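What follows is a set of notes on a single structure, which appears directly below.
Owing to the predicted nature of the structure, the values given are computational and were not obtained by experimental measurement.
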Amino acid sequence: MASNPVLSIIDRDGGLELRPQGSWTAAHAAALEGLYDGIAPRLPLAGRLKIDMAGVAELDTLGAWLLEKITRRVAQAGHPADMVGISERHADLITEVKE
């Protein structure tokens with residue numbers, strides 16, 4: 001059973017650490033867009049960004065794209081952005097969306 005998507009936000013050492021959890025899938029599109037809209041204003045000011053993917057249970061193209069959109073927004077502001085904790089089952093999708 002799919003769990004609702006969650007995005008924990010931690011201010012850490014002049015940057016942000018994001019911890020997405022649950023199902024980041026099209027079935028939760030409205031919730032995911034709301035999570036993105038909530039964090040978007042902070043992204044250009046983040047300094048640096050770390051996204052810890054360890055809590056993501058389900059991921060599809062929409063979820064992967066929103067996470068990529070977050071990293072691109074930080075990178076466009078000239079700050080480093082990294083994704084860590086990507087499970088093997090999600091790694092190919094993350095790579096595909098990034099390209």
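- Cluster annotation: Ile9 is connected to Leu67 through the hydrophobic network of ILVMFWY side chains, with a link wherever side-chain heavy atoms come within less than 4.5 Å.
- Once rounded to the nearest 0.5 Å, the distance linking CD of Glu68 with OG1 of Thr61 reads 12.5 Å.
- Contact of the Leu18 side chain with the Lys50 side chain is not registered, since no non-hydrogen atoms from C-beta on lie closer than 4.5 Å.
- When side chains are defined from C-beta on, Glu99 counts as touching Thr95, because their heavy atoms get closer than 4.5 Å.
- In this structure, Leu7 and Arg19 have side chains that are not in contact, with every pair of non-hydrogen atoms separated by 4.5 Å or more.
- No salt bridge links Lys98 with Glu96; every basic N to acidic carboxylate O contact stays at or beyond 4.0 Å.
- Between Asp11 and Arg42 there is a salt bridge, since at least one side-chain N of the basic residue sits less than 4.0 Å from a carboxylate O of the acidic one.
- Panel note: side chain Asp52, backbone Gly85; no donor-acceptor pair is recorded below 3.5 Å.
- At least one side-chain heavy atom of Leu35 sits less than 4.5 Å from a side-chain heavy atom of Pro5.
- Contact record, Leu59 with Ala64: CD1-N, 3.4 Å, taken as the closest heavy-atom pair.
- Side-chain N or O atoms of Arg48 include one that pairs as donor or acceptor with a backbone N or O of Asp13 at under 3.5 Å.
- Of all heavy-atom pairs spanning Val74 and Pro80, the tightest one is CG1-O, 3.7 Å.
- Interatomic distance, Leu49 CG to Arg72 CZ, rounded to the nearest 0.5 Å: 14.0 Å.
- Using a 4.5 Å heavy-atom threshold, the side chains of Asn4 and His28 count as touching.
- Between the side chain of His90 and the main chain of Glu58, no donor-acceptor pair closer than 3.5 Å is present.
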For Leu62 and Thr25, what are the C-alpha separation, side-chain angles and deciding distance, and is it a side-chain contact (heavy atoms from CB on, under 4.5 Å)?
CA-CA 6 Å; Leu62 175 69; Thr25 62; over 6 Å; no
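- By the 4.5 Å heavy-atom criterion applied to side chains, Pro20 and Met53 are counted as neighbours.
- We find the CZ-CD1 distance between Arg73 and Ile39 to be 10.0 Å, quoted to the nearest 0.5 Å.
- Although no hydrogens or angles enter the test, the distance criterion places no donor-acceptor pair under 3.5 Å between the side chain of Asp37 and the main chain of Ala40.
- Taking CG of Leu43 as the start and CG of Leu16 as the end, the distance is 7.0 Å to the nearest 0.5 Å.
- No chain of hydrophobic side-chain contacts below 4.5 Å, direct or via other Ile, Leu, Val, Met, Phe, Trp or Tyr residues, connects Trp24 to Val6.
- In terms of modelled atom types and a separation under 3.5 Å, the side chain of Ser23 and the main chain of Ser3 share a donor-acceptor contact.
- In Asp92, the CG atom is not crowded: 12 or fewer heavy atoms of neighbouring residues, nucleotides or ligands sit closer than 6.0 Å.
- Rounded to the nearest 0.5 Å, atoms CG (Asp82) and CD1 (Ile51) are 9.0 Å apart.
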